[in-house]
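Only one structure is covered here, and it is reproduced in the block below.
Order of the sequence lines fixes the chain letters, A, B, ..., with proteins taken first and strands second; residue numbering starts at 1 for each chain. All values below were derived from every heavy atom in this structure, side-chain atoms included, with hydrogens, water molecules and symmetry-related copies excluded.
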Amino acid sequence: MTDLLKGLNAEQKLAVTTREGPVLVLAGAGSGKTKVITVRMAYLMLWGVKPENILAMTFTNKAAGEMKERVAGLVGKDKAKLLTVGTFHSFCVKLLRAHAAAAGLAPNFTICDASDQIAAVKGALRELRIGEASIQPSVLQGRISLMKNKLMSSDGFLASAADDQDELVGRAWKMYEEHLRRARTVDFDDLLLFTLQLLRTNERVRAELEQRFRYVMVDEYQDTNGPQYEIVRLVAGRHKNLCVVGDDDQSIYGWRGADVTKILSFDKDFRGAKVVRLETNYRSTEPILAAANAVIAHNPDRHAKTLRSAIGKGEDVVMLRGDDEVSEADTVARQIGELVRLTRAQFSDFAVLFRTQTQPRAFEEQFRLRAIPYVLIGGMSFFDRKEVRDVLAYLKLAHNPRDEVAFLRVVNCPPRGIGRGSIDKAVEIATQHGISTVQVFETPELAAELPAATVDAVRAFRNQLSVFAADPGEALVGWMRQLLEAVNYRAEVDRAYLEPKLREERWQGVLEILDLAENHVRRTRKASLSTFLEALTLDAEDSRDDGKVKHKDAVTLMTLHSAKGLEFERVYLVGVEEGILPHARSVAEDTVEEERRLMYVGITRAKRHLTITLTKTRSKYGTRVESHPSRFLYEMKGEKPPKDWKAAGSAAPAVRVTEGGQRTRKKKSSKRSAAVDLPHKDL
DNA sequence: CATGAATTTTTTTTT
DNA sequence: AAAATTCATG
């Protein structure tokens with residue numbers, strides 16, 4: 001036992017050894033948060049707690065995996081395997097599958113991902129004859145999701161609708177809901193809400209969980225939203241052995257309904273909670289922490305704390321300003337290349353962190369140009385590709401024939417002579433009768449209203465699929481091959497991509513899904529179609545680079561959001577400009593404080609070297625626009641912005657500079673020298 | 001109904 | 001600039 005606690009400071013020890021009762025660990029960045037949780041689990045087991053009785057909730061699968069691995073290192077694989085460690089969402093899916101009937105769900109319910117949700121929202125708008133001009137589908141989807149995460153119901157929302165726009169949202173929301181129910185589908189938010197409902201109404205299930213999970217831990221508690229909080233409260237309600245770990249300065253999911261005040265009021269919700277503060281940073285050097293502290297100090301309403309470095313002195317934070325995004329990326333690529341060549345630095349020591357998904361493009365290009373290996377995290381590109389989505393839809397449809405979104409996606413891919421017009425009509429009939437579109441074709445009276453040729457075509461299609469109705473279990477891969485063969489998916493690829501090279505590439509994408517399936521079957525106990533689909537929708541990223549590139553020596557490219565919880569020897573924080581960080585929309589919506597926390601998260605990822613970059617001009621929507629240093633940079637340096645400085649959201653529009661076309665691309669060498677000028681002059 | 005051209009929109013962040 | 005959507009034609 002003394003071994004376990006060795007290397008922990010006094011506060012960390014306190015957090016670990018307080019086994020009973022509620023504990024709140026306020027853990028600054030790099031203060032050994034993960035260490036506390038993992039050692040705590042090991043410590044509990046040392047005191048005779050069975051691993052089956054421990055539950056740990058994380059926000060990403062990556063964090064869950066890392067946690068499991070670290071506990072395994074402490075107590076051994078066999079014991080660690082018996083722990084329940086996972087994301088809220090995966091925990092909920094398991095529970096809902098086990099108690100589908102009690103939760104009011106079909107046993108074969110499917111989960112729709114982000115783009116399925118958009119498709120469903122669009123469908124709802126169309127049925128209500130609301131033009132997409134009056135509200136953007138993505139905006140509508142966001143609002144629905146936010147409401148749900150604030151534990152509001154569609155009826156409640158509609159009843160309190162203040163204006164026409166709210167009314168419209170409310171009606172669309174109800175239609176969207178109906179849509180999902182009919183298709184036997186749930187969205188991400190529903191996973192939490194159905195679980196909550198189940199725990200509230202079903203005494204037996206709740207008692208079972210309460211009894212089983214005598215010790216509950218929650219990582220990144222500052223990002224817990226309403227439903228998640230309630231679930232935790234119910235599960236940990238009896239034993240109250242709840243340990244939550246978080247940092248209010250790193251709360252960056254407010255837009256998803258996360259409620260920062262929860263971490264500030266924890267000791268009120270759980271009386272007698274012990275509060276432990278971890279303020280010693282074991283990750284970064286003094287200059288990096290000084291920068292972080294300077295920025296975050298500008299946020300009011302926070303648990304005041306100052307991180308102290310246990311590392312000590314180090315290199316200053318460097319700032320670079322490039323002419324444009326190409327030169328910015330070029331400079332970073334060149335530096336990384338040189339450092340790896342001339343020093344002991346490895347590619348995997350580096351991370352490039354950015355705010356939005358459009359930023360990595362230039363970096364990918366430059367990295368490829370200089371043959372610098374990189375991994376783009378979360379780029380979603382793979383699962384957004386048409387052929388991948390199609391195949392996924394086929395799988396979902398086989399699993400749940402009423403999955404509306406999947407059905408509509410693939411009925412006519414490859415073309416089966418089922419046109420847009422007939423399908424629209426079928427959807428309309430389905431809406432009138434409150435059934436799914438597929439059912440229209442199964443009901444002779446209703447099908448009679450549609451063109452006979454279409455009906456026959458759909459029937460033939462359904463017959464093709466009915467062969468695959470049964471879950472193949474571990475024989476998944478062969479089954480998938482047969483399915484693709486049966487529906488002649490190759491024809492769709494050939495049709496959509498005329499160029500042979502592209503064709504081959506896209507077909508490779510299809511084959512890659514087969515690889516994923518094979519990996520999944522190999523690694524998963526009791527693998528089946530439904531476990532595979534869950535793995536794909538819930539941890540898309542992880543399953544992708546699994547087995548393949550896990551330990552590749554490569555630079556990491558990712559968003560600030562996905563960087564939370566990670567650390568790197570050398571960090572490039574790029575595009576630190578008004579309009580990007582803080583994002584223009586955050587300025588408009590008055591949520592700059594959350595952006596500041598994002599900046600803080602970015603800075604504190606760096607262990608030894610931090611470089612902040614920005615540009616002079618940047619192309620936006622295809623035109624070149626002048627960029628301005630982020631306000632956070634002035635805050636960091638303790639300076640006042642110049643008089644002519646303009647905030648991103650201010651009324652003055654961004655200035656157009658030039659329409660620089662090919663010119664920028666050719667003169668690479670001349671640009672290089674210009675790229676590196678210290679912004680002290682500019683700032 | 002399918003195809004390619006013309007048009008329009010797009011950029012927050014994620015389970 | 002690229003992607004998505006709508007339009008016009010066979």
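The side chain of Ser562(A) has dT14(B) as its nearest neighbour among dT14(B), dT15(B), dC1(B). Of the candidates dT5(C), dA2(B), dT15(B), the closest approach to any side-chain atom of Thr60(A) belongs to dT15(B). Side-chain proximity of Arg355(A) to the nucleotides dT15(B), dT5(C), dT12(B) is greatest for dT12(B).
Here the C1' atom of nucleotide dA3(C) and the CZ atom of Arg361(A) are 9 Å apart, to the nearest Å. In this structure, Arg618(A) places its CZ atom 15 Å from P of dT12(B), rounding to the nearest Å. In this structure, Phe188(A) places its CZ atom 5 Å from C1' of dT15(B), rounding to the nearest Å. Whole-Å rounding puts the Leu560(A) CG to dT13(B) P distance at 11 Å. The distance from atom CG of Leu146(A) to atom P of dT12(B) is 15 Å, rounded to the nearest whole Å. The distance between atom CZ of Arg597(A) and atom P of dT12(B), rounded to the nearest whole Å, is 19 Å. If you take CG of Leu353(A) and P of dT14(B), they are 12 Å apart, rounded to a whole angstrom. Atom pair Gln136(A):CD and dA4(C):C1' shows a separation of 13 Å (rounding to whole Å applied).
Sequence order on DNA chain B of the closest nucleotides to Pro451(A) and Thr559(A) puts Pro451(A) first from the 5' end.
Note: Tyr253(A) and Trp255(A) have tilted aromatic rings, judged against thresholds of 30 and 60 degrees for the angle between ring planes. Taking the six-membered ring where the residue is Trp, Phe407(A) and Phe461(A) present tilted rings, their angle falling between 30° and 60°. Aromatic ring pairs are classed by plane angle as parallel below 30°, tilted from 30° to 60° and perpendicular above 60°; the pair Phe532(A) and His520(A) is tilted.
No engagement by Asp189(A) is indicated, since no non-hydrogen atom pair under 4.0 Å with the nucleic acid exists. The residue Ser422(A) sits close only to the backbone: its heavy atoms come under 4.0 Å of sugar-phosphate atoms, none of a base. At the heavy-atom level, Glu589(A) lies under 4.0 Å from base atoms of the strands shown. Counting non-hydrogen atoms under 4.0 angstrom, Lys122(A) reaches the backbone sugars and phosphates but no base. Residue Thr454(A) is in sugar-phosphate contact alone, with no base atom involved, counting any heavy-atom pair closer than 4.0 Å across all strands shown. Contact annotation for Thr356(A): backbone-only contact, meaning every heavy-atom pair under 4.0 Å involves sugar-phosphate atoms and none involves a base. At the heavy-atom level, Phe59(A) lies under 4.0 Å from the strands shown only through sugar-phosphate atoms.
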* Report the C-alpha separation of Tyr221(A) and Tyr229(A) in whole Å, then their side-chain angles, then the decisive distance to 0.1 Å, and conclude whether the side chain to side chain contact (heavy atoms under 4.5 Å, CB included) test is met. => CA-CA 9 Å; Tyr221(A) 188 69; Tyr229(A) 169 78; 3.2 Å; yes

* side chain to side chain contact (heavy atoms under 4.5 Å, CB included) between Leu192(A) and Phe88(A), intermediate numbers included -> CA-CA 8 Å; Leu192(A) 303 173; Phe88(A) 275 99; 4.0 Å; yes

* Between Phe354(A) and Leu581(A), does a side chain to side chain contact (heavy atoms under 4.5 Å, CB included) hold up when you go through it step by step? -> CA-CA 9 Å; Phe354(A) 44 84; Leu581(A) 184 64; over 6 Å; no

* Working for side chain to side chain contact (heavy atoms under 4.5 Å, CB included), residues Val218(A) and Thr224(A) -> CA-CA 9 Å; Val218(A) 183; Thr224(A) 307; 4.2 Å; yes

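On the P atoms, dA4(C) is 15 Å away from dT13(B), given to the nearest whole Å. Taking the P atoms as reference points, dT11(B) lies 16 Å from dT6(C), given to the whole Å.
One finds a side-chain N or O of Asn412(A) lying less than 4.0 angstrom from the OP1 or OP2 phosphate oxygen of dA2(B). Look at Gln357(A) and you'll find a side-chain N or O under 4.0 angstrom from OP1 or OP2 of dT14(B).
Between the side-chain ring of His583(A) and the base of dT12(B), a stacking contact exists by the 5.5 Å and 30° definition. Taking a centre distance below 5.5 Å and an interplanar angle below 30 degrees as the stacking criterion, Trp255(A) does not stack against the six-membered base ring of dT12(B).
Using the Watson-Crick or G-U wobble rule with both distances under 3.5 Å, dA6(B) pairs with dT5(C). The nucleotide dT14(B) finds no pairing partner, because no Watson-Crick or G-U wobble arrangement with both distances shorter than 3.5 Å includes it.
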